[in-house]
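As the structure lists them, so they are numbered: ligands from 1, and atoms in each ligand from 1.
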Amino acid sequence: MTEIRTPRLLLRRWHDDDLAPMAEINADPQVMRWIDDGAVRDLEQTAQDIERWEEEWDEEGFGLFAVELLASGELAGFTGLSLVEGLPDVPAAVAISWRFGSSFWGQGYASEAAHATLEFALQDRGLDQVVSVTRAGDDASENIIRKLGMTEERETVDPVHGFPLRVHAIDLTEFEG
Ligand SMILES: CC(C)(COP(=O)(O)OP(=O)(O)OC[C@H]1O[C@@H](n2cnc3c(N)ncnc32)[C@H](O)[C@@H]1OP(=O)(O)O)[C@@H](O)C(=O)NCCC(=O)NCCS
């Protein structure tokens, strides 16, 4: 079982009892503001998401980690890796992403989890490069991207919704883990 411990967090595969807290996170419009078209996701959609994330772990050997606070055992959100395909002018790549409940923002948890995820990508999975794909305007994500040392590669558009997207990348040989 793939698990990572950081000073404050446990990054792990998904459990059945993550559904309710993850659905609560997905139901918050503030959280979903910069994701796809900004629509919230209900309990059933969240259950399907978690099932898909677990399938990606089984198929690819990487995926989105459930992020639990070590101090309280609460699910704070997710951070992890997924395959991105089908973006105009962007070759298929492994992307890092994050989503935390708003009560967990502003404490450095997302950056701590993202840093551990890049270490996992490099040291455990042996990946050469990780990208991030964010909507233009998502300043909180850009702040994490900057702290990770990722650099802007190109702009593209969301093929479904037409929003401008920014693609950043890091060669993991450059990553100071
Ligand atoms: C994007 C998102 C994860 C960012 O969360 P966040 O809490 O702002 O990010 P961080 O973990 O970097 O923490 C931010 C701040 O916590 C503060 N902080 C407090 N205690 C800290 C500590 N012990 N260590 C580090 N930072 C700490 C820092 O000031 C830091 O800000 P700074 O880098 O400007 O100094 C969050 O806004 C979110 O979940 N958004 C919705 C989902 C989303 O849009 N995802 C993007 C699609 S990829």
What part of Q30 sits under 4.0 Å from ligand 1 if we count only heavy atoms: the side chain, the backbone, both or neither?
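It is neither part, as no heavy atom is under 4.0 Å.
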Out of [options], whose heavy atom is nearest to [atom]?
{"atom": "atom 11 (O) of ligand 1", "options": "G101, A95, S111", "value": "S111"}
{"atom": "atom 6 (P) of ligand 1", "options": "A140, G106, A113", "value": "G106"}
{"atom": "atom 45 (N) of ligand 1", "options": "W98, Y109, F100", "value": "W98"}

Give the residue and atom name of whichever protein heavy atom lies nearest to [atom], and the separation in Å to one decimal.
{"atom": "atom 3 (C) of ligand 1", "answer": "A110 CB, 3.5 Å"}
{"atom": "atom 4 (C) of ligand 1", "answer": "I144 CD1, 3.7 Å"}
{"atom": "atom 21 (C) of ligand 1", "answer": "Q107 O, 3.2 Å"}
{"atom": "atom 33 (O) of ligand 1", "answer": "K147 NZ, 2.7 Å"}
{"atom": "atom 25 (C) of ligand 1", "answer": "G108 CA, 3.6 Å"}
{"atom": "atom 32 (P) of ligand 1", "answer": "N143 ND2, 3.6 Å"}
{"atom": "atom 38 (C) of ligand 1", "answer": "W105 NE1, 3.3 Å"}
{"atom": "atom 42 (C) of ligand 1", "answer": "V31 O, 3.5 Å"}

Ion pair R41/D36, N-O distance below 4.0 Å
no
Salt-bridge contact R13-D58 (side-chain N to carboxylate O under 4.0 Å):
yes
Is any side-chain heavy atom of [X] less than 4.5 Å from a side-chain heavy atom of [Y]?
{"X": "L9", "Y": "L69", "answer": "yes"}
{"X": "H168", "Y": "T151", "answer": "no"}
{"X": "T2", "Y": "F65", "answer": "yes"}
{"X": "T79", "Y": "E112", "answer": "no"}

Atoms of ligand 1 less than 4.0 Å from [X] heavy atoms?
{"X": "R8", "result": "22 (C), 23 (N), 24 (N)"}
{"X": "D138", "result": "44 (O), 46 (C)"}
{"X": "S97", "result": "48 (S)"}
{"X": "R99", "result": "39 (O), 42 (C)"}

Take F78 and S97 through the side-chain contact (heavy atoms from CB on, under 4.5 Å) test and state the conclusion after the steps.
CA-CA 8 Å; F78 73 66; S97 63; 3.8 Å; yes
Check whether any heavy atom of E112 sits under 4.0 Å from an atom of ligand 1.
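Flag not set, E112 not near ligand 1.
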Donor-acceptor pair, side chain of [X] and main chain of [Y], under 3.5 angstrom:
{"X": "Q129", "Y": "A93", "answer": "no"}
{"X": "E54", "Y": "E51", "answer": "no"}
{"X": "W105", "Y": "F100", "answer": "yes"}
{"X": "R154", "Y": "V90", "answer": "no"}

Does atom 29 (O) of ligand 1 have any protein heavy atom closer than 4.0 Å?
no
